[in-house]
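Okay, structure first, notes after.
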Amino acid sequence: MPPTPCPSGSVRSAAMVNEDIRDLWQRSGGHLSSEDEEEYQRLLVEWAAATGGSARSAA
């Protein structure tokens, strides 16, 4: 299931993004395809924004 979009300009909570990350890993069986990897990277950036950090420190 793709991440749930939020209204323009708003940020989802870190917990919501984390749930999407966990779902992605579960769906992929722990092996990300190149498409899944792209989604994972987008989710990391979103998670970092929700926590006030950077994607680099989240990785």
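As a basis for the values below, the full set of heavy atoms in this structure was taken, side chains included, without hydrogen atoms, waters or symmetry mates.
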Report summary line: When rounded to the nearest 0.5 Å, the distance separating CG of Leu43 from CE of Met16 is 11.5 Å
Query raised in the report: From Glu46 CD over to Thr51 OG1, what is the distance, rounded to the nearest 0.5 angstrom?
Result: 11.0 Å
Requested in this report: Would you please test Leu32 and Trp25 for side chain to side chain contact (heavy atoms under 4.5 Å, CB included) and show each step?
Outcome: CA-CA 7 Å; Leu32 298 178; Trp25 279 104; 3.5 Å; yes
Report summary line: Between Ala14 and Ala50 the two heavy atoms that sit nearest each other are N-CB, 3.5 Å
Requested in this report: Apply the side-chain contact (heavy atoms from CB on, under 4.5 Å) test between Tyr40 and each candidate in Val45, Asp20, Ile21; give the one that qualifies.
Outcome: Ile21
Report task. Enter the distance from Gln41:CD to Glu39:CD here, rounded to the nearest 0.5 Å. Result -> 11.5 Å
